[in-house]
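Note sheet for the following structure.
The basis for the numbers below is simple: all heavy atoms, side chains too, and nothing from hydrogens, waters or symmetry mates.
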Amino acid sequence: MENVSSIWSIFTYALVIGIVLAGMMGLSAITGTRRSGRAMGRSMSMPFESGIIPTGSAHLRLPVQYYLVAMFFVIFDVETAILLTWATVVTEVGWIGYGAALAFIVFLAISLAYLWRAGALDWGPQVHPRRVMDTRKDLAS
C-alpha cells in the first residue's frame with residue numbers, strides 16, 4: 001500500500017498546477033484585447049508578423065522531404081540519447097549491455113542503409129529510368 005503522505009503530495013502538486021493554470025487562463029481572458037465590428041480594424045484581422053506588413057500567404061506547402069528529414073532527425077536523436085544513457089552505466093552492465101547496445105546500433109545502421117537505398121534521403125530532382133528511355137526512342141526516330 002502506498003504511503004499516504006506521498007499521495008497527498010501528488011494531490012497537492014496537482015491542485016497547485018490546476019490553480020496556476022486557472023489563474024493564467026483567467027488573467028488572459030480579463031486582460032486580453034477584444035474588439036468587434038468596425039473597431040476591430042484591418043490590422044487586427046491580419047496574422048502577426050512582428051509589425052512587418054506580410055508579403056504573400058502564410059500558408060506554405062513544405063515538401064515531403066522536409067518532414068522526412070525531421071522524422072529521421074528525431075529517430076537518430078533518440079538513438080543518441082539512448083546510447084549516451086547507456087554510456088553512463090557501461091561498466092555495470094558488462095558484456096550483455098555491450099551486446100545489446102551493439103545490436104541496437106546494428107539495427108539502426110540497417111534501417112539507415114534501407115532508407116538510403118530507398119531514396120528517402122535524396123533531395124534533388126529524380127530522373128526516372130523509364131522517361132530517359134522514352135526520350136532516347138524519341139530522339140532516334
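- To the nearest 0.5 Å, atoms CG (L112) and CD1 (I105) are separated by 13.0 Å.
- The side chain to side chain contact (heavy atoms under 4.5 Å, CB included) search around I110 returns V106, not counting sequence neighbours.
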Which pairs would a plain distance check flag for residues 87-98, meaning a side-chain donor or acceptor within less than 3.5 Å of a matching protein atom at least two apart in sequence or in another chain?
{"unit_1": "T88", "atom_1": "OG1", "unit_2": "T85", "atom_2": "O", "d": "2.6"}

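- Scanning for ring-ring contact (aromatic ring centres under 6.0 Å, His included) contacts around F11 gives W8, with sequence neighbours left out.
- Side-chain contacts under 4.5 Å among hydrophobic residues (ILVMFWY), followed directly or transitively, place L15 together with I19.
- Evaluation of the ring-ring contact (aromatic ring centres under 6.0 Å, His included) test over residues 60-88, restricted to residues two or more places apart or in two chains, returns none.
- Two different hydrophobic clusters hold L102 and L84 under the rule that ILVMFWY side chains link at heavy-atom gaps under 4.5 Å.
- For I82, the side chain to side chain contact (heavy atoms under 4.5 Å, CB included) criterion is met by V78, F104, not counting sequence neighbours.
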**Request:** Please assess V74 against M71 for the test side chain to side chain contact (heavy atoms under 4.5 Å, CB included), listing each intermediate value before the final yes or no.
**Result:** CA-CA 5 Å; V74 169; M71 286 190 304; 5.8 Å; no
